2 protein chains.
Amino acid sequence: MTHLLPMADEPAPERADAARNREAILAAALRLVATRGVDCVTMDTVASEAGVGKGTVFRRFETREGLMAAVLNESEAAWQGSVISGPPPLGPGAPAHDRLLAFGHSRLRTNVTHGALIKAATGSHSARSRAAASFAVMHVRHLLGELGVTGDLVLLATAILAPLDVMVLEQQQADHISLDRIEAGWDDLVRRVVGA
Amino acid sequence: MTHLLPMADEPAPERADAARNREAILAAALRLVATRGVDCVTMDTVASEAGVGKGTVFRRFETREGLMAAVLNESEAAWQGSVISGPPPLGPGAPAHDRLLAFGHSRLRTNVTHGALIKAATGSHSARSRAAASFAVMHVRHLLGELGVTGDLVLLATAILAPLDVMVLEQQQADHISLDRIEAGWDDLVRRVVGA
DNA sequence: AATGAAAGCGGACCATGGTCCGTTTAGGCG
DNA sequence: CGCCTAAACGGACCATGGTCCGCTTTCATT
């Protein structure tokens with residue numbers, strides 16, 4: 001026996017075939033997104049490419065958004081890793097101010113290049129997007145704290161991150177605002193908020 | 001004859017039946033959104049409620065997003081009117097700083113109450129959302145100018161408005177952050193940016 | 001190894017946004 | 001008033017996300 005009582009909240013073990021299928025689906029999705037671009041990847045395509053029924057795809061990933069979130073996660077996790085333990089100035093070891101700027105710049109570029117995928121993974125309601133956004137807010141809040149900023153740091157962090165949102169960036173690009181200008185504008189915002 | 005040469009770019013006149021149908025569709029959409037809530041309004045429903053074919057709905061409003069934008073516009077236009085020429089402090093006549101705060105608060109409340117409709121009208125790519133966002137940016141930019149703020153005012157305005165975005169607000173409400181707290185946080189942001 | 005119940009599977013099915021095209025109609029002109 | 005063309009119409013049709021449910025598979029227990 002393993003446990004008679006459902007121990008704590010171990011997230012419900014996954015059967016072997018289920019795990020195998022999850023991997024196959026994710027791999028197929030990854031490949032398809034890379035080759036065709038996220039907007040041309042249909043759930044049916046992923047299913048058949050993974051050699052699996054459509055129902056299975058939805059059972060494992062809930063929704064298209066969820067699947068895309070899983071795909072996005074593949075790169076996002078690495079990025080979070082480099083923020084937490086990568087080389088400075090993005091990672092630890094640099095002054096907080098430099099880290100904050102590096103963080104914003106990195107996020108800015110990432111949001112621009114992965115824009116389509118991020119949008120596909122972030123419609124209306126998603127558990128994953130929640131986690132990702134939360135990570136960014138927590139990190140910025142932490143840096144603001146180190147910089148001696150006082151106030152409602154969570155809200156301040158949110159406010160600093162909001163203009164880096166994919167939709168905002170797309171609008172700005174449609175208005176022919178260059179990335180460099182956006183970046184400079186963001187630096188200025190940070191300067192004002194931090195009160196350097 | 002009217003004009004032999006297509007004069008300037010008059011937006012292509014609309015045939016009488018076309019105009020009649022547009023009105024009927026918009027009226028039906030307005031009514032349905034008000035009674036059932038935006039998420040339960042289907043294009044087919046609107047069409048049949050307006051006594052018109054589905055194709056007609058799409059020809060007049062391009063897309064669901066477009067139709068919802070038209071619905072939203074009905075209230076948004078009034079709001080813009082009260083910003084441009086309504087009573088202070090939202091309208092002209094109050095100090096710029098008060099106007100800016102009033103503007104933010106008003107936008108905040110509006111985004112919260114009309115959240116669902118705004119989201120329905122603002123997916124990915126829409127001409128209307130473009131105009132609405134632009135109005136807000138222009139107005140804030142103008143107020144910042146009056147306040148003597150220097151710098152890239154368009155970007156600063158965008159940055160100030162970004163945290164009032166519907167999606168951001170929804171996330172914050174999901175995190176049990178009260179409206180009053182959000183409002184206070186936004187006031188703080190403005191103070192820092194304006195450099196009061 | 002046999003067994004039984006829970007978990008998983010798959011593809012038919014549904015809802016809905018969006019397109020297409022053969023038919024109808026408005027309305028300028030002779 | 002009748003003609004003619006561009007515009008508009010409408011609903012069948014398509015694509016795709018998401019659900020459902022009867023059948024299959026896993027695997028803990030014996």
Side-chain angles (χ1 to χ4, degrees), chain A residues 1-7 10-25 28-29 32 36-71 119-126, chain B residues 1-7 10-25 28-29 32 36-71 119-126:
Chain A
M1 88 167 79
T2 33
H3 355 302
L4 288 177
L5 307 178
M7 262 196 75
E10 303 202 350
E14 194 169 61
R15 244 168 59 172
D17 52 345
R20 219 180 310 126
N21 281 337
R22 144 171 288 125
E23 266 185 70
I25 293 166
L32 287 170
R36 302 192 189 180
V38 64
D39 292 333
C40 297
V41 175
T42 196
M43 294 304 265
D44 294 80
T45 308
V46 171
S48 78
E49 187 79 4
V52 116
K54 201 214 282 222
T56 303
V57 176
F58 279 94
R59 191 164 334 93
R60 290 294 138 222
F61 295 93
E62 296 288 318
T63 173
R64 183 191 150 91
E65 207 173 293
L67 177 58
M68 292 313 172
V71 170
K119 277 203 302 183
T122 308
S124 319
H125 37 59
S126 100
Chain B
M1 86 165 83
T2 34
H3 358 300
L4 289 178
L5 307 177
M7 261 196 76
E10 302 204 350
E14 195 170 58
R15 241 167 61 174
D17 52 346
R20 217 179 312 125
N21 281 336
R22 141 170 290 122
E23 265 186 71
I25 293 166
L32 287 170
R36 302 191 189 180
V38 65
D39 292 333
C40 297
V41 175
T42 191
M43 294 304 266
D44 294 83
T45 309
V46 171
S48 80
E49 187 78 6
V52 116
K54 203 217 277 224
T56 302
V57 177
F58 279 95
R59 192 165 335 93
R60 290 293 137 224
F61 296 93
E62 295 290 314
T63 172
R64 183 190 150 90
E65 208 173 293
L67 177 58
M68 291 314 172
V71 170
K119 278 203 301 183
T122 308
S124 316
H125 36 61
S126 98

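Below, chain A is the first sequence line, B the second, and so on; all start at residue 1. Note that the structure is predicted; figures quoted are calculated from it, not measured.
Around atom CD of B/Glu49, more than 12 heavy atoms belonging to other residues, nucleotides or ligands sit under 6.0 Å away.
Geometric assessment of A/Arg22 against the ring of A/Phe61 yields a positive cation-pi assignment under the 6.0 Å and 45° thresholds.
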Give me the distances for all protein-to-nucleotides 12-15 of chain C N/O pairs that come in under 3.5 Å?
none

Can you give me the N/O atom pairs linking the protein to nucleotides 21-23 of chain D at distances under 3.5 Å, or say none if there are none?
none

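Contact check for A/Arg60 versus A/Glu14: side-chain heavy atoms found under the 4.5 Å cut-off. Looking at heavy atoms from C-beta onward, B/Met68 lies out of side-chain contact with B/Thr122 at the 4.5 angstrom threshold. For the pair A/Arg59 and A/Lys54, the minimum side-chain heavy-atom distance is 4.5 Å or more.
Distance, B/Arg64 CZ to C/dG18 P: 9 Å, rounded to whole Å. For the pair A/Phe61 CZ and D/dG17 C1', the computed distance is 16 Å after rounding to whole Å. Between the CD atom of B/Glu65 and the P atom of C/dG18 there is a distance of 8 Å, given to the nearest Å. Distance A/Asp39 CG to C/dG17 C1': 16 Å, rounded to the nearest Å. The nearest whole Å value for the distance from the CZ atom in A/Arg22 to the P atom in C/dG8 is 10 Å. One atom, CD of A/Glu62, and another, C1' of D/dG18, lie 11 Å apart when rounded to the nearest Å.
With C/dT16, D/dG18, D/dC27 as the candidates, the nucleotide lying closest to the side chain of A/Thr63 is D/dG18. With D/dG10, D/dG18, C/dC9 as the candidates, the nucleotide lying closest to the side chain of A/Asp17 is C/dC9. The side chain of A/Ala18 lies closest to C/dG8 when the candidates are D/dT19, C/dG18, C/dG8.
Closest non-hydrogen pair, A/Ala50 versus A/Ala24, comes out as CB-O, 3.8 Å.
Sequence order on DNA chain C of the closest nucleotides to B/Met43 and B/Arg15 puts B/Met43 first from the 5' end.
In summary, A/Lys119 and A/Glu65 do not engage in a salt bridge, as defined by a charged side-chain N under 4.0 Å from a carboxylate O.
Within the nucleic acid shown, A/Arg60 comes within 4.0 Å of sugar-phosphate atoms alone, with no base atom in reach, counting heavy atoms only.
At the phosphate of D/dG10, OP1 or OP2 sits under 4.0 Å from a side-chain N or O atom of B/Thr56. Phosphate proximity of C/dC9 to A/Asn21: present, with a side-chain N or O under 4.0 Å from OP1 or OP2.
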Would you please test A/Leu67 and A/Glu62 for side-chain contact (heavy atoms from CB on, under 4.5 Å) and show each step? CA-CA 8 Å; A/Leu67 177 58; A/Glu62 296 288 318; over 6 Å; no
